[in-house]
Protein chains: 2
Amino acid sequence: MAGDPLDDLYDRPGFMIRRAHQIAVSVFLAQTDDLGITTTQYGILVVLRHRPRIDQITVARLLGLDRSTTGMVIRTLEEGGLVARVVDPADKRRRSLELTQAGSDLLDRLAAPAERAVAQLLAPLDPAERPVFLALLRKLTGAFDATSRVPLAKGEGGPAPSSEAI
Amino acid sequence: MAGDPLDDLYDRPGFMIRRAHQIAVSVFLAQTDDLGITTTQYGILVVLRHRPRIDQITVARLLGLDRSTTGMVIRTLEEGGLVARVVDPADKRRRSLELTQAGSDLLDRLAAPAERAVAQLLAPLDPAERPVFLALLRKLTGAFDATSRVPLAKGEGGPAPSSEAI
DNA sequence: TCATAATAATCAGACGTCTGATGATTTGTC
DNA sequence: GACAAATCATCAGACGTCTGATTATTATGA
């Protein structure tokens with residue numbers, strides 16, 4: 001078992017991150033099994049709840065996703081009756097997005113399974129290790145928000161998120 | 001900026017892990033740009049170097065990948081002349097896999113870019129933070145090796161990885 | 001005003017990822 | 001030896017992901 005040359009591969013950050021992603025998706029799907037939704041769809045629903053009448057390019061930027069990917073997933077959500085999409089009369093390039101009642105209801109029902117998924121994912125770490133891990137993960141990913149090929153634009157497209165800092 | 005309800009989403013482990021994966025793949029592709037290979041293909045080439053004449057189901061288990069995924073990627077590698085695939089005469093169900101000379105050469109040329117990708121990925125963390133992050137990531141992912149839907153079978157299919165620990 | 005950006009959306013193409021089903025081959029058991 | 005079970009590979013189908021090109025619409029500036 002010791003000295004396997006593949007251990008070098010297993011210890012690479014990229015390999016472990018791929019594995020962590022695979023596990024996180026799998027755990028989420030297992031916890032939400034009967035609700036038939038994916039992690040990407042869930043993220044879009046959450047954005048739509050907090051940014052009603054947003055367009056899909058802005059959704060993509062808020063999630064750090066590609067425009068094509070986002071458009072495709074949103075079409076799936078629309079076909080499933082979870083999202084309503086209408087051409088913005090003020091700017092006919094845009095399609096104004098909004099959760100339907102079914103989408104909002106589903107999001108409510110997802111809250112508990114999503115929390116269980118987080119708990120299950122972090123369960124292998126000691127309680128004291130969890131904030132350390134998450135802080136380092138936040139530091140690493142946050143450093144690439146502006147520079148990666150698919151940048152992430154937090155706080156965009158919103159109803160002026162409290163421009164007064166009090 | 002403060003108090004954005006989307007911050008709750010951005011702080012979720014699953015969201016940050018997805019983002020980390022996206023960044024890791026992007027950094028790898030940028031560093032190896034002219035060599036035209038993906039992270040998945042790279043992992044398979046590494047396995048093949050250390051496990052010659054392996055079959056593709058075992059490759060899948062060693063990488064924690066799906067059998068179909070692995071078969072598809074290996075076909076791409078075969079079409080690119082990087083991997084040779086022949087029916088095992090002793091067991092006609094199996095296709096014995098091996099790196100070609102071109103595959104081996106490419107793997108040699110990938111060593112430096114792959115190392116640069118690791119360095120770039122971890123650059124946002126302080127040097128002292130990096131082993132902490134990687135140890136926690138290893139602990140989290142390792143806990144799911146046996147239980148996830150796509151388990152990872154380290155140390156399988158090899159030439160008895162030095163059963164003597166010296 | 002009118003030609004030129006810039007922007008939102010979509011499409012084409014490529015790759016990765018999983019599930020579930022099917023066919024071919026080997027192994028195990030009686 | 002023959003039937004059942006396990007195993008390797010592939011296919012069909014669905015979803016996610018990105019790049020690059022194209023179309024429709026709006027904004028900009030000389």
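First the proteins, then the strands, lettered A, B, ... as listed; each starts at 1.
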Checklist line | Under 4.0 Å protein heavy-atom contacts per nucleotide of nucleotides 10-23 of chain C, with B for base, S for backbone only and - for none | finding: SB---SBBBBB---
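By the 30° and 60° cut-offs, the orientation of the rings of A:Tyr42 relative to A:Phe28 is tilted.
Here the side chains of B:Leu62 and B:Lys154 are not in contact, with every heavy-atom distance at 4.5 Å or above. Taking the side chain as every heavy atom from C-beta outward, B:Leu6 and B:Phe15 never approach each other to under 4.5 Å.
Phosphate proximity of D:dC8 to B:Lys92: absent, as no side-chain N or O sits under 4.0 Å from OP1 or OP2.
Between the C1' atom of C:dA9 and the CG atom of A:Leu97 lies a distance of 11 Å, rounded to the nearest Å. Straight-line distance from the CD1 atom of A:Ile54 to the C1' atom of C:dA9: 15 Å, rounded to whole Å.
A syn base is found at C:dA5: its glycosidic angle is within 90° of 0.
The closest side-chain donor-acceptor pair between A:Ser104 and A:Arg49 falls under 3.5 angstrom.
Rounded to the nearest 0.5 angstrom, A:Leu107 CG and A:Ile37 CD1 are separated by 7.5 Å.
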Next item on the list: Kindly determine whether A:Leu121 and A:Gln31 satisfy side chain to side chain contact (heavy atoms under 4.5 Å, CB included), including the steps that lead there.
Entry: CA-CA 11 Å; A:Leu121 181 64; A:Gln31 289 290 351; over 6 Å; no
Could you tabulate the donor-acceptor pairs under 3.5 Å formed by side-chain atoms of residues 75-83 of chain A, not counting sequence neighbours?
residue : atom : partner : partner atom : Å
A:Thr76 : OG1  : A:Met72 : O            : 3.2
A:Glu78 : OE1  : A:Arg85 : NE           : 3.3
A:Glu78 : OE1  : A:Arg85 : NH2          : 2.9

Residues 130-144 of chain B, side-chain donor-acceptor partners within the protein, below 3.5 Å, at least two apart:
residue  : atom : partner  : partner atom : Å
B:Arg130 : NE   : B:Leu122 : O            : 3.2
B:Arg130 : NE   : B:Leu125 : O            : 3.0
B:Arg130 : NH2  : B:Leu125 : O            : 2.8
B:Arg138 : NE   : A:Asp11  : OD1          : 2.9
B:Lys139 : NZ   : A:Asp126 : OD2          : 3.4
B:Lys139 : NZ   : A:Glu129 : OE1          : 2.9
B:Lys139 : NZ   : A:Glu129 : OE2          : 3.3
B:Thr141 : OG1  : B:Leu137 : O            : 2.9
B:Thr141 : OG1  : B:Arg138 : O            : 3.4

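Overall, the helix from C:dA6-D:dT25 to C:dC30-D:dG1 carries an axis bend of 10° between its ends, with five pairs at each end and the value rounded to 10°.
Looking at residues two or more places apart in sequence or on another chain, you find a side chain to side chain contact (heavy atoms under 4.5 Å, CB included) between B:Ser68 and B:Asp66.
Using a cutoff of 4.0 Å between basic side-chain nitrogens and carboxylate oxygens, B:Asp88 and B:Lys92 are not scored as salt-bridged.
Interface residues of residues 102-113 of chain B facing DNA chain D, ordered by number: none; criterion, heavy-atom separation under 4.0 Å.
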